[in-house]
Amino acid sequence: MTPTPELPPERTTYAERRSQRIDALASASAAEEGGVSLIKSAWRRLRRNPVFLVGLAITVAFIALALVAPWLAPWDPAARPLLDDVRPQSNPVPGPEAGHPLGADDKGRDLLSRLLVGSQQTLLVGVLATFFGLLGGLVLGTLAGAVGGWIDSLVMRIVDVMLSIPSLLLAFTLAALATRPSQWTLIIAIATVQVPIFARLLRGSMLAQRASDHVLAARSLGVKQRAIVFRHMLPNALGPVIVQATLVLAVAIIDAAALSFLGLGNPDDRRPEWGQMLGKAQPFLGEAPHLAFYPAACIIVVALGFTLMGESLREALDPKTRR
Amino acid sequence: MSGSTGLDPAHDTRTGAPGEVLVEVSGLEVHFPIKRGVVFDRTVGHVRAVDGVDLTIRRGETYGLVGESGCGKSTLGKAILNLEPPTAGSVLFDGVDIASLKGEALRRERKRFQMVFQDPMSSLDPRQTVEALLLEGMRAHGLDTDASATHTRLRELMSAVGLPPSGLKKYPHEFSGGQRQRIGIARALSVGPDLIVADEPVSALDVSIQAQVINLLQDLQEELGLTYLVVAHDLAVVRHISDRIGVMYLGGLVEESEAGELYDVPLHPYTRALMSAVPVPDPEVEDSREQILLTGDLPSPANPPTGCRFHTRCPWRQETLCDTERPQLRVVDVAGSSPGHRVACHWAEEIARGEIERHEVAPETTDESSWGAPRDDGSPFLAPDGPPVP
Amino acid sequence: MSTPMSTHAVHPVHSSEPLLSVRDLRVTFGRRGEQPFKAVDGISFDVRPGQTVGLVGESGCGKSVTSLAIMGLLPTRGNTVEGSAVFDGEDLLRLSPGQMRDRRGREIAMIFQDPLSSLNPVVQIGRQVTEVMERHQGLSRKEAMPKAAELLERVGIPDPKARLVNYPHQLSGGMRQRALIAMALACKPRLLIADEPTTALDVTIQAQILALLKELVVETGTALVMITHDLGVVAGLCDEVNVLYGGRIVERGDRHTLFSRPRHPYTVGLLNSIPRLDAPRGEALSPIPGSVADNLPWDSACAFAPRCPNALDVCVQQTPEWEGDDVVGLRCFNPMGVSR
Ligand SMILES: Nc1ncnc2c1ncn2[C@@H]1O[C@H](COP(=O)(O)OP(=O)(O)OP(=O)(O)O)[C@@H](O)[C@H]1O
Ligand SMILES: Nc1ncnc2c1ncn2[C@@H]1O[C@H](COP(=O)(O)OP(=O)(O)OP(=O)(O)O)[C@@H](O)[C@H]1O
Ligand code: SF4
Ligand code: SF4
Ligand SMILES: [Mg+2]
Ligand SMILES: [Mg+2]
């Protein structure tokens with residue numbers, strides 16, 4: 001009896017089966033979720049970053065508080081429920097008491113309510129100033145970075161001059177030029193100061209994009225110049241600018257506070273603003289430091305929130321950490 | 001990877017028979033100004049990246065360009081496509097001088113010649129899906145009029161480069177290096193070009209992946225009758241895929257020949273040195289190989305040597321002619337060399353016949369400070385003598 | 001057989017005790033909450049005095065991580081290193097950072113792929129070379145300077161005296177790599193680890209550097225670990241070759257056997273997928289299908305199985321064990337039997 005011949009080992013079959021399986025898996029997962037854009041993958045990484053989460057929590061809490069402040073505040077910030085307790089000599093700033101957990105200011109207005117409602121002005125000034133600054137910077141930076149030539153030189157010279165003046169000083173000067181100080185002078189002054197920062201940043205990243213391979217690839221495809229600028233260069237150049245905007249928001253809030261502190265903001269203290277509250281607390285630093293402490297702490301925490309968020313965003317969008 | 005690529009040849013606009021001249025480059029020069037100065041930019045010299053190149057590429061062939069880093073291969077490739085405007089010279093593509101075209105006329109012509117880049121990641125816009133990337137060129141040239149035809153065309157392109165259609169919805173970073181290079185190739189194919197300039201198409205890829213992409217390029221050429229200009233520093237790769245090879249040194253061609261002949265009968269001293277320096281994965285060959293070790297480094301292209309550009313490192317250098325007269329590409333009459341074999345060396349015949357002995361070369365003590373800053377920043381300025389300013 | 005360039009005739013390599021003995025080296029990366037990633041997954045090899053050992057493999061197979069782990073240069077957080085690397089009777093992996101710093105540069109030196117980033121950009125070349133000698137040999141700078149010039153001359157830098165006062169950016173890529181080699185040799189190390197020392201360089205410069213390394217090994221008896229992805233470089237330089245895949249050694253042999261009779265399907269695949277300058281033209285390349293993204297985990301299979309033309313069913317159910325010793329060996333269920 002002859003032994004059954006040994007079957008040759010099954011050769012290539014496994015590899016084939018396996019690669020079919022991989023293909024099937026790949027197309028199935030592709031059908032499910034489509035592509036994962038860079039933003040999505042950055043978000044996945046951010047979700048696990050405690051620094052970002054703390055920053056995000058502060059920022060979201062701040063924005064939420066600002067939005068519902070009028071309903072949350074126990075008192076009208078302009079009302080003076082504790083006016084009777086104010087004794088200009090013995091007790092200029094009434095302390096905490098029932099219904100007024102933080103006490104009142106020197107005009108007998110509920111401090112907690114003023115802090116809460118004050119967040120609105122702070123947010124408004126910060127966001128609008130940054131927005132207008134970003135807008136101006138975007139226009140100038142795109143012009144300089146995409147057109148180049150003498151337009152670029154001109155824009156950059158102006159930007160350089162503006163950047164050579166300390167920003168707070170420039171904002172101070174601009175705000176002081178206004179005949180009637182208001183929150184709008186604040187916003188415009190701070191926005192103007194931000195324009196050159198954004199313009200320079202955007203121009204830099206536009207130039208980097210212009211020299212990049214994917215823009216060269218688009219040119220070699222024969223894509224029109226306008227499409228190259230708006231589809232390829234600008235979106236890719238915006239990343240660092242958006243991150244910068246988060247950081248600038250923190251600076252804008254602090255600058256706004258500083259200018260209000262110096263009396264260059266909205267003079268009407270029936271509409272509170274943290275910087276302005278800080279300024280008005282000045283005469284009472286000895287007797288009632290808490291009057292300055294609360295708005296100062298609010299400013300610091302909120303600025304910190306934006307900074308933490310901005311820094312971790314910057315890290316997450318950094319091409320070096322991308323995979 | 002063999003067989004039909006699935007691309008409909010009717011979609012392509014190619015005309016003309018294989019073998020006729022498709023690209024004729026003459027006297028091409030690209031000089032980059034070297035700028036210095038804080039307030040006002042002064043031009044203090046020029047980097048002669050490409051310095052007088054003549055070559056012709058025939059329809060359907062693969063022309064390979066080799067040479068050391070910085071010799072101007074990529075710049076020449078880009079200048080031929082007018083992606084880097086030439087300083088002088090002309091590039092006749094199918095009778096049209098691309099070098100003199102500008103603006104809209106140039107843009108419209110671009111669908112006939114395309115480029116594949118070295119780094120498949122950086123050459124794909126990270127924010128666009130593969131579909132958007134492939135559609136873009138078609139849209140720019142009005143090739144996307146019929147929605148259902150476009151849909152089929154996209155699928156055909158993907159299958160031609162061996163990717164599943166599901167990849168269309170994905171982003172470049174979701175693919176591996178080899179797959180990204182396939183996307184880059186599909187994008188180049190999307191507008192139906194005659195000529196593809198591939199700049200180091202495989203050097204960023206893993207060794208095992210390189211062969212996949214090389215085979216793909218060859219299959220596509222066969223299927224679609226494409227003409228390639230392949231730029232690479234890897235001689236073995238270039239020899240494998242090219243029909244003809246040009247060897248560059250410091251901005252100029254020093255030798256040009258049919259691919260097999262270049263290896264069998266290298267005539268230029270630089271080509272010989274280059275060939276002998278390529279390691280071969282075979283210990284027997286490695287142990288018995290006679291290496292021609294060059295001394296010193298590539299001189300700076302901002303300040304190229306007089307006469308023959310290679311004379312500072314040439315082991316066959318002669319007292320006369322070499323450092324005074326720049327040799328032109330010419331056909332030489334030596335055994336084994338065919339009429340298509342051109343070389344730029346005054347002493348090519350004598351060297352081939354063994355009449356001139358190889359000799360030691362003392363490393364040139366050139367002023368290395370003219371090497372300048374790393375190239376990545378795109379501004380090769382002359383380096384100062386102190387430490388770099390951080 | 002005339003082997004004018006081979007090194008092994010000079011030093012009888014297998015007779016001596018290993019200088020470095022790496023056993024079951026494992027490096028796992030992984031942050032909290034992430035899937036741990038085994039970059040190096042049980043690597044063992046020996047290096048003897050005067051021997052050149054090659055580690056070859058594709059990008060990401062763990063070559064650099066292996067060398068960094070041996071040198072104690074991995075980041076201090078985010079990874080775990082297991083196994084041992086015994087150098088001269090001492091386990092390098094158990095040394096304190098201070099002790100390791102003392103060995104580095106003096107007894108063990110390393111050359112990296114990117115010469116520019118491994119040189120200090122604001123310190124003159126001469127100072128960087130003498131610094132090593134000052135630290136490890138207790139020389140004064142005055143004594144060390146002429147030695148530094150000698151070293152630069154030794155590695156083929158023209159006009160070495162003038163180069164001593166140059167900054168790294170004033171040297172070309174090849175020069176910088178030579179300067180780095182000079183620094184590595186400053187204290188006559190007994191072991192030199194070169195991580196892709198020529199990958200960033202042109203072939204003509206690569207040939208110069210490789211010739212230099214060969215000469216040094218022969219003359220000084222330094223043991224050399226050569227890390228590269230280029231099989232050609234290995235063929236000309238190494239006595240022993242280790243082929244890595246997915247963090248493990250899959251095949252080992254002396255270079256003559258490995259190249260003439262490769263047995264692991266991956267080694268064969270690599271050799272068949274690269275065009276050779278001396279091969280007849282017109283032959284199609286046979287690439288390895290797929291990519292490393294297809295790899296299976298080594299724990300329960302052969303990582304190469306999804307790409308392997310020889311794969312059997314057992315290859316996906318079991319880990320192929322290492323069969324062999326510290327001189328030759330293989331990790332495969334179904335190796336190539338015949339010579340190529
Ligand atoms: N945009 C530019 N501006 C100034 N100089 C440039 C520019 N692009 C290239 N060069 C210079 O031109 C020369 C040739 O560069 P090119 O990129 O063409 O070389 P290559 O042969 O492709 O080298 P590699 O193999 O490194 O890619 C180099 O000296 C380089 O520094
Ligand atoms: N610090 C790190 N953190 C996490 N993963 C790492 C780290 N360093 C390396 N790795 C991973 O370890 C694996 C092996 O990396 P290694 O650098 O050793 O590869 P290599 O073989 O040297 O490749 P190459 O040829 O590209 O240099 C890679 O997949 C890499 O992503
Ligand atoms: S011309 Fe002279 S220097 Fe130039 S390659 Fe020929 S022999 Fe060498
Ligand atoms: S163990 Fe199996 S899958 Fe792995 S290399 Fe050997 S034959 Fe191929
Ligand atoms: Mg190049
Ligand atoms: Mg490495």
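On a predicted model such as this, the values are computed, not experimentally measured, just so you know.
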Measure [X] against the heavy atoms of chain C and call it side chain, backbone, both or neither at under 4.5 Å.
X: L274(B); answer: both
X: S242(B); answer: backbone
X: L235(B); answer: both
X: V213(B); answer: neither

Query raised in the report: Parallel, tilted or perpendicular: which describes the rings of F310(B) and H268(B), with under 30° parallel and over 60° perpendicular?
Result: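 Plane angle between 30° and 60°, so tilted.
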Query raised in the report: Relative to each other, are the rings of Y171(B) and H173(B) parallel, tilted or perpendicular (30° and 60° limits)?
Result: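 If you compare the ring of Y171(B) with that of H173(B), the planes turn out tilted.
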Pair [X], [Y]: side-chain N/O donor-acceptor within cut-off below 3.5 Å:
X: E200(B); Y: H233(B); result: yes
X: Y245(C); Y: N295(C); result: yes
X: E251(C); Y: T267(C); result: yes

Report task. Measure from NZ or CZ of R307(C) to the centre of the six-membered ring of Y266(C), then state whether that distance is under 6.0 Å and the direction lies within 45° of the axis. Result -> no
Query - Selection from V278(B), D282(B), V237(B) maximising heavy-atom pairs under 4.5 Å formed with chain C - result: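 Between V278(B), D282(B), V237(B), the count favours D282(B).
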Report task. Heavy atoms only, distances under 4.5 angstrom: which of A259(B), S176(B), G177(B) has the most pairs with chain C? Name it, please. Result -> A259(B)
Interface moiety of [X] toward chain B, non-hydrogen atoms closer than 4.5 Å:
X: V234(C); result: neither
X: P280(C); result: backbone
X: E58(C); result: both

Report task. Decide if atom CD of E131(C) counts as having more than 12 heavy atoms of other residues, nucleotides or ligands within a radius under 6.0 Å. Result ->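 Atom CD in E131(C) is crowded, with more than 12 foreign heavy atoms closer than 6.0 Å.
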Report task. Return the option, out of L231(C), L285(C), I205(C), L210(C), with the maximum number of heavy-atom pairs under 4.5 Å with chain B. Result ->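 The candidate making the most pairs under 4.5 Å is L285(C).
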